[in-house]
Amino acid sequence: MDHFAAELLTWYDRHHRELPWRVGPADKRSGERPDPYHVWLSEIMLQQTTVQAVKAYYEKFLARWPRVENLAAAATDEVMAAWAGLGYYARARNLKKCAETVAAEHGGKFPDTFDGLKALPGIGDYTAAAIAAIAFDRPEAVVDGNVERVVTRLFAIDTPLPAAKPVVRDRTASMTPEGRPGDFAQAMMDLGATICTPRRPTCALCPFRAECAALAKDDPERFPVKLPKAARPVRRGAAFVAETPDGRLLLRTRKASGLLGGMAEVPTTGWTSRSDGETDAEAAPFVARWAFRGEIVHVFTHFELRLSVWHTVASESRVDGGRWAPLTTLGEEALPSVMKKAISQAIPDAFKALRK
DNA sequence: CACCCGTGGAG
DNA sequence: TCTCCAAGGGT
């Protein structure tokens, strides 16, 4: 075995994280195997998302849909509602499609190879390799952001990302052992998450400290080298929170693709780079006495949104293209965070009754 | 390859 | 306050 792998696995046996979806080294020795459904579900949720944020969603999904067939049979709206707040909603749409495919075309069993997994919706290079290694003991090179950081530091690779990806992949492949490839992958990620961190890495505790080229150069934080990213533009718009006297809220469903695709929303204007908000009231979904309730700011990946929030209590509930949802069941709606923020701005108590 | 796609916590 | 960015994938 590659000496890096041997050193890392020894470190992992002693210092690995305990995670809800993980089968640790000790349990594996007792014969326990990772459930591919659990591995897949966790990997999809963990895409660009912190372990801390994922834990509660993972437990909720697993309790509600214990097997992939259950998820395949679920209503898409319920899956989107359960995913609400986690972000990157295309993941939820692909999660559902993938579950349906596995249930209908693979007899409820996930493919056990990289190629078979990668053919499924929502599974790319990283996730296919991770599931193949962790659930099926395939020695695939698992490269995520943690691994990129560890490897670029270990070998002082100063080519900027993403151009360095092929080199990082090759280096990772060379290190990956035939035995325990899943533990090796998780060990690399644990190392990146707990020791080889983006800032102020704890090199003194690193199993690679004697061999790390970046540490030898006395500047591990210089790696990985990344190109500067573009500034985040500002977009503006207005949101209209309409309430009936008996406590129902006007909601719509966004189109299935694109930003917040398939999620619920209150009616809004378009989100553009315009700076005037004077014609907002004219863009309202119906004529009423709209009261300005202030502005909210929400930061998306590639732009910042400033929404003027308007509120009205309308006795007339006939509106085209929407539904009046009871405030008491807002917790069951697929409302993304930005919409919860807008609703709370107009109706401060809207979600308080739902919190437990 | 470049761009789109959320959210919240850490420093 | 502000910047960074977390187990990336789709187009």
Side-chain angles (χ1 to χ4, degrees), chain A residues 16-17 19-22 34 38-58 80 83-95 97-98 117-135 140-150 160-163 165-166 169 172 182 184-194 196-201 221 224 226-233 235 254-263 265 271 297-305 334-341:
Chain A
H16 65 89
R17 291 180 290 178
L19 300 171
W21 47 85
R22 173 177 288 179
H38 298 180
V39 175
W40 165 73
L41 180 61
S42 67
E43 289 298 342
I44 301 300
M45 288 184 167
L46 286 162
Q47 289 167 1
Q48 293 291 288
T49 307
T50 57
V51 165
Q52 174 61 25
V54 164
K55 283 180 179 172
Y57 285 86
Y58 174 79
M80 299 308 290
W83 195 277
L86 201 55
Y88 284 139
Y89 299 99
R91 291 185 296 171
R93 302 194 294 270
N94 286 329
L95 186 83
K97 290 180 199 163
C98 185
L117 288 160
K118 198 184 167 183
L120 295 167
I123 298 182
D125 284 336
Y126 161 76
T127 306
I131 299 173
I134 296 169
E140 301 289 347
V142 179
V143 181
D144 75 327
N146 289 302
V147 176
E148 286 179 347
R149 188 167 56 254
V150 170
L161 288 171
K165 280 177 179 288
R169 204 215 77 87
T172 306
F184 174 80
Q186 295 178 92
M188 289 285 275
M189 294 189 276
D190 278 17
L191 187 68
T194 64
C196 194
T197 50
R199 282 162 297 188
R200 296 182 59 87
E221 284 190 45
K226 292 184 178 177
L227 266 29
K229 45 190 169 184
R232 207 189 324 262
R235 296 186 196 172
R254 294 176 62 86
K255 64 183 173 72
S257 63
L259 186 69
L260 308 178
M263 301 296 284
E265 66 171 2
W271 302 345
V297 178
H298 188 81
V299 180
F300 290 99
T301 304
H302 57 292
F303 67 94
E304 174 182 309
L305 178 64
L335 288 165
S337 292
V338 62
M339 292 301 157
K340 289 187 176 179
K341 203 181 288 186

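Chain naming here is simple, since letters A, B, ... match the order of the sequence lines and numbering starts at 1 in each. Note: hydrogens, waters and symmetry copies are ignored here, and every other heavy atom, side chains too, is used.
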Using the [atom1] atom as the point on both nucleotides, what is the distance between [M] and [N], in whole Å?
N: B:dC1; M: C:dG9; atom1: P; result: 16 Å
N: C:dA7; M: B:dC4; atom1: P; result: 24 Å
N: B:dG8; M: C:dT1; atom1: C1'; result: 16 Å

Could you tell me whether A:Val338 contacts a base, only the sugar-phosphate backbone, or nothing, with contacts defined as non-hydrogen atoms closer than 4.0 Å?
sugar-phosphate

Touch check for A:Gly85, heavy atoms < 4.0 angstrom, all strands: base, sugar-phosphate only, or nothing?
sugar-phosphate

[X] [atom1] - [N] [atom2] separation (whole Å):
X: A:Lys229; N: B:dC5; atom1: NZ; atom2: P; result: 17 Å
X: A:Met339; N: B:dT7; atom1: CE; atom2: P; result: 9 Å
X: A:Arg199; N: C:dC2; atom1: CZ; atom2: P; result: 16 Å
X: A:Phe300; N: B:dG8; atom1: CZ; atom2: C1'; result: 14 Å
X: A:Glu304; N: B:dC5; atom1: CD; atom2: C1'; result: 17 Å
X: A:Lys341; N: B:dG6; atom1: NZ; atom2: C1'; result: 10 Å
X: A:Glu221; N: C:dT3; atom1: CD; atom2: P; result: 18 Å
X: A:Leu227; N: C:dC4; atom1: CG; atom2: P; result: 13 Å

Check this for me, if you would: do A:Arg200 and A:Glu221 make a salt bridge, where the nitrogen-to-carboxylate-oxygen distance has to be below 4.0 angstrom?
no

Between A:Glu265 and A:Arg254, is there a salt bridge with N-O shorter than 4.0 Å?
yes

Whether A:Tyr58 and A:Trp21 hold their rings parallel, tilted or perpendicular, with breakpoints at 30° and 60°:
perpendicular

Examine B:dC4: is either OP1 or OP2 under 4.0 Å from a nitrogen or oxygen in the side chain of A:His302? Give yes or no.
no

Look at A:Ser337 and B:dT7 and indicate whether a side-chain polar atom (N or O) is within less than 4.0 Å of OP1 or OP2.
yes

Taking only N/O atoms, report every protein-nucleotides 6-10 of chain C pair under 3.5 Å with atom names and distance.
from: C:dA7; atom 1: OP1; to: A:Asn146; atom 2: ND2; distance (Å): 2.9
from: C:dA7; atom 1: OP2; to: A:Asn146; atom 2: OD1; distance (Å): 2.7
from: C:dA7; atom 1: OP2; to: A:Asn146; atom 2: ND2; distance (Å): 3.0
from: C:dA7; atom 1: O5'; to: A:Asn146; atom 2: ND2; distance (Å): 2.7
from: C:dA7; atom 1: O4'; to: A:Asp144; atom 2: OD2; distance (Å): 2.6
from: C:dA7; atom 1: N9; to: A:Tyr126; atom 2: OH; distance (Å): 3.3
from: C:dA7; atom 1: N7; to: A:Glu43; atom 2: OE1; distance (Å): 3.3
from: C:dA7; atom 1: N7; to: A:Glu43; atom 2: OE2; distance (Å): 2.9
from: C:dA7; atom 1: N6; to: A:Trp21; atom 2: NE1; distance (Å): 3.1
from: C:dA7; atom 1: N1; to: A:Arg17; atom 2: NH2; distance (Å): 3.0
from: C:dG8; atom 1: OP1; to: A:Gly145; atom 2: N; distance (Å): 3.2
from: C:dG8; atom 1: OP2; to: A:Gln48; atom 2: N; distance (Å): 3.0
from: C:dG8; atom 1: OP2; to: A:Gln48; atom 2: NE2; distance (Å): 3.2
from: C:dG8; atom 1: O5'; to: A:Gln48; atom 2: N; distance (Å): 3.4
from: C:dG9; atom 1: OP1; to: A:Gly124; atom 2: N; distance (Å): 3.0
from: C:dG9; atom 1: OP1; to: A:Thr127; atom 2: N; distance (Å): 2.9
from: C:dG9; atom 1: OP1; to: A:Thr127; atom 2: OG1; distance (Å): 2.5
from: C:dG9; atom 1: OP2; to: A:Tyr126; atom 2: N; distance (Å): 3.3
from: C:dG10; atom 1: OP1; to: A:Gly122; atom 2: N; distance (Å): 2.7

Given side chain to side chain donor-acceptor pair (under 3.5 Å), test A:Arg149 with A:Thr197 step by step and report yes or no.
CA-CA 8 Å; A:Arg149 188 167 56 254; A:Thr197 50; over 6 Å; no

Could you pick out which residue, A:Tyr89 or A:Arg200, lies toward the 5' side of DNA chain B when each is mapped onto its nearest nucleotide?
A:Tyr89

Residue whose nearest DNA chain B nucleotide is more 5′ - A:Arg91 or A:Ala163:
A:Ala163

Would you say the ring centroid of A:His302 lies under 6.0 angstrom from that of A:Phe300?
no

All side chain to side chain contact (heavy atoms under 4.5 Å, CB included) counterparts of A:Asp125, not counting sequence neighbours:
A:Phe114, A:Lys118

Is A:Trp40 reaching over with its side chain to a backbone N or O of A:Ile44, donor-acceptor style, under 3.5 angstrom?
no

